[in-house]
Amino acid sequence: MITVTNVQKQYQDGDTTVHALRGVSLSIEQGEFLSIAGPSGSGKTTLLNLIGCIDTATAGDITIDGRTVAGCGKRELAAIRREKLGFIFQSFNLVPVLTAFENVAFSLTLTGTPDAEARERTMAILDEVGLAGMEERRPSQLSGGQQQRVAVARALVKEPTVVLADEPTANLDSRTGHAILELMVEMNRRHNTTFIFSTHDQMVMDYARRLTMLHDGEIVSDERRSA
Amino acid sequence: MKFLVRLAAKNLWRYGRRTLITAAAIALGLATYVLLDSMLVGADEESVRNLIWYETGSARIMHPDYWDERDRAPLRHVIEDPQSVLDAVRSRDVAATPRTTFSGELIVWRDPFPEDGSLLVHVTAIDPETDGRVYRFDQWISDGRPLQEGEPGVILGSWLAEDLGAEVGYPLIISARSRYGARVTIDAEVVGILNSPNPVINRGGIFLPLDIADLYLDMEGAVTQIDLRFADYARVEAPIAELEELPALRDLSIADWRLLGADYIAMMEADSVGSGIILFLVFIIAAVGVSNTMLMTIFERTREIGMMRALGMDDRAIRNLFLIEASGIGLIGAAAGVALGALGNIPMVRVGIDYSAMFRTMDAGYRSTGVLYGAWVPSTFVIAALMGIVLAVIVALVPTRRALRMNIPRALRQQ
Amino acid sequence: MKAAAIVLMALIPAAALVAQSAEEIITRMEQNQVHDTSRMEGRLIINDRFGSRTSSFISHARGADDALIEFTSAGERGQKVLRTRDEVYLFYPDAAELIRLQGAALRDSMLGSDVSYEDMTGNRALLDNYRVRLTGEETVAGRPTFRVELEARSRNVAYPRQTIWVDRELFVMRRAEQFSANGRLLKEVEVKETMEVSGLTFPARMVIRDVLKRNSSTEFVIDTAEVNISLPRNIFSLESLRW
């Protein structure tokens with residue numbers, strides 16, 4: 001479903017060339033709940049960005065739903081992100097001027113979903129993530145956990161192939177973090193949506209059913225666990 | 001698009017303070033522009049009026065050869081039969097008055113004057129009876145009285161009088177040449193001091209009754225010019241074309257105020273370059289202010305831009321969003337600036353700015369002595385408003401494009 | 001007829017000795033003062049409210065019309081004024097510039113003096129321009145003089161009226177007054193010294209006052225003079241201005 005084939009990523013940092021990824025291959029199936037882990041600088045975020053099509057690989061290829069990412073232009077990448085990918089960010093990244101409802105509906109507006117349908121789906125997903133009744137609140141009127149719930153809803157409402165979450169619990173206390181992870185497990189179970197995390201948080205790793213460890217830009221272990 | 005406009009509107013509302021600051025920068029720039037323009041146009045209009053009312057009339061009928069030698073004010077090229085010309089012109093309902101301008105030396109002696117002295121001057125001999133139909137001096141005689149026929153009286157411009165130390169009742173001598181070249185002297189008395197709105201007149205005006213000049217200069221009825229005032233004083237093409245058809249004017253030529261006041265017109269044109277530079281500077285200052293706030297705005301929202309791109313929003317849509325926001329700020333600024341400018345312009349037009357002390361010493365070429373009034377120039381308001389909006393949009397374009405060129409992960413990391 | 005003319009001509013000098021007519025007085029004065037050719041060196045001393053300054057010059061003249069004046073004093077060294085019958089030219093060596101004075105420019109003062117260029121222009125034959133009248137005999141500066149009043153024949157004469165006092169014995173001008181058309185005194189000329197060269201007597205030191213401008217006077221002094229000498233050819237031509 002998602003295949004990562006011998007992907008390399010180098011970038012220049014001053015005079016030195018940084019090898020963020022040195023040939024990573026990975027295959028991810030529909031419905032997986034996968035955590036890419038590793039210390040800082042191991043390349044986990046880079047890998048997540050490449051899969052998320054917000055960064056491009058130096059070499060190698062990634063396919064998402066059978067679609068090859070390499071060689072895509074900016075607009076095609078934007079289209080892939082819009083249609084197939086959902087993002088959950090460490091710092092929530094909601095649009096501050098929009099209400100919870102509008103933030104979620106924003107995703108659907110981008111895909112051109114008709115208003116009535118968008119409204120229905122948005123209300124449904126907000127209900128699912130436990131924010132019924134808070135639709136009209138702005139991010140500033142929500143707690144961190146609630147904001148991240150909005151973010152989860154925003155990622156899921158368009159029914160993406162995969163949801164990418166970069167350190168989704170780093171800005172939350174552990175209780176709220178647990179709740180968010182529970183929510184994502186639930187969503188994964190219910191919608192069979194693939195989740196890929198990048199994290200160095202043991203709590204997140206504990207929830208993962210597959211744990212891929214990176215070190216110095218290479219996969220050092222890749223294990224599946226039963227929930 | 002509707003979504004973008006709504007989002008833009010929400011952004012403007014949400015970032016209210018920033019919106020206001022940026023819009024205020026634009027408003028201030030535009031208001032300055034509008035007021036400056038009002039002042040410059042006002043000064044020009046006033047100058048044209050003062051040029052025509054006190055110096056050139058709407059147009060002047062002369063001997064065709066007079067013009068080339070006007071600096072010497074020669075009495076060689078004259079209108080021999082002014083009455084027939086006056087009759088013909090007046091039959092067309094054009095106000096007309098004969099004048100003779102001659103060069104000479106003004107001589108004053110100590111006691112009552114503070115010291116002996118002489119000054120090369122151009123003296124204007126006017127017909128006391130008809131001059132007021134074309135020019136407007138009488139109401140500006142600050143001291144003494146108007147000229148009277150048959151009396152060797154002189155009216156002096158106020159600054160000239162002040163420089164000479166002249167007062168009403170003082171005797172002076174005008175030394176000149178008759179029409180044929182003989183030396184003549186006119187013993188005259190200062191009967192009035194003229195403090196007109198035209199600084200050129202105040203600085204150098206010397207007026208004498210026409211019949212006195214005629215007698216002393218041996219003019220035998222001839223005059224150097226017939227000055228005209230048209231119903232609409234500044235519009236000259238049509239009335240001049242009509243007058244040129246008159247048989248009485250066949251051997252004469254007509255110069256309009258633009259030609260007669262060419263030095264001033266040239267100055268005005270040069271000045272419009274100067275005004276252009278000032279206006280450009282105002283524009284630059286406003287642009288810097290606007291771009292600075294706009295840059296801050298967009299820089300602060302780099303992460304938001306990154307997020308929107310990550311969610312798959314088109315770069316173009318994002319750019320449009322920011323441009324719509326910018327034009328919104330521009331619109332608010334333009335509206336406020338135009339309103340502010342209009343408000344400020346009301347006292348400028350009604351009360352004016354008193355510049356009299358400045359113009360006294362500064363020969364800027366402006367035909368205005370005292371109070372400068374603003375003018376209403378509708379086109380300036382429209383231009384200013386459009387400029388505000390366009391400026392805001394252009395200025396927003398740069399930081400937006402920069403934010404969009406940044407790669408998404410970096411934008412997302414930006415705090 | 002012819003005989004009659006001869007007799008008449010013979011009579012005229014005799015009559016002149018007996019009773020001088022105004023015309024004769026002026027004619028004899030001009031014979032003294034206007035030379036066929038001359039070369040003079042002199043000074044122009046200008047006194048005004050700025051003080052006194054002196055310009056020295058060399059002049060060459062021929063008849064009443066042609067004159068070339070070259071200034072030799074430091075301030076205006078090399079400046080030349082060329083006068084012909086109808087025209088006046090100025091030459092400034094610094095700018096190597098030749099200026100023809102025309103019309104009203106002739107009325108400008110020469111070097112800021114009380115003498116205008118026009119005062120110097122040609123046609124000084126007074127009888128061409130004026131009707132003259134003998135109005136008395138007076139003593140001027142201790143010398144007996146004829147007082148002759150001149151009235152312009154036409155309206156284009158700069159000074160419509162003049163009075164000239166001519167030395168009764170030497171027939172040299174002793175004093176002159178010039179008036180405007182309406183009778184105001186404009187200029188006074190006083191001859192302080194005279195000079196005799198080759199039997200001709202002419203003013204050697206004159207003080208000229210512009211009466212309208214008080215406190216100013218111009219003194220015109222001739223230090224050396226030669227008359228009726230041969231002058232270089234073409235000296236009164238434009239080319240000569242540039243040497």
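A, B, ... follow the sequence lines: proteins, then strands. Residue 1 opens every chain.
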Which portion of A/Glu102 sits near chain B, non-hydrogen atoms under 4.5 angstrom: side chain
Validation row: A/Val97, B/Trp13 side chains within 4.5 angstrom (heavy atoms): no
Close side-chain approach of A/Arg82 and B/Asp314, heavy atoms under 4.5 Å: yes
Other residues, nucleotides, ligands: >12 heavy atoms within 6.0 Å of A/Asp65 CG: yes
A/Leu110 and B/Met308, any side-chain heavy atoms less than 4.5 Å apart: no
Distance (rounded to the nearest 0.5 Å) between B/Met313 CE and A/Thr111 OG1: 12.5 Å
Neighbour count above 12 (heavy atom, 6.0 Å) for A/His191 NE2: yes
Contact origin within A/Pro96 toward chain B - heavy atom pairs under 4.5 Å: both
Heavy-atom side-chain proximity of B/Leu412 to A/Asn49 below 4.5 angstrom: no
Full working for side-chain contact (heavy atoms from CB on, under 4.5 Å) between B/Lys10 and A/Val95: CA-CA 11 Å; B/Lys10 282 183 176 167; A/Val95 180; over 6 Å; no
Other residues, nucleotides, ligands: >12 heavy atoms within 6.0 Å of A/His200 NE2: no
Qualifying residue, where the test is side-chain contact (heavy atoms from CB on, under 4.5 Å) with B/Met307 and the options are A/Phe92, A/Phe87, A/Phe89: A/Phe89
Interchain contact, A/Leu94 with chain B, by part (heavy-atom threshold 4.5 Å): backbone
Heavy atoms from other residues, nucleotides or ligands near CD of A/Gln10 exceed 12 (cutoff 6.0 Å): yes
Proximity breakdown for B/Leu404 and chain A, heavy-atom pairs closer than 4.5 Å: backbone
Most chain A-contacting option - heavy-atom pairs closer than 4.5 Å, from B/Arg309, B/Glu304, B/Arg316, B/Arg410: B/Arg309
Any side-chain heavy-atom pair of B/Ile408 and A/Arg81 under 4.5 Å: yes
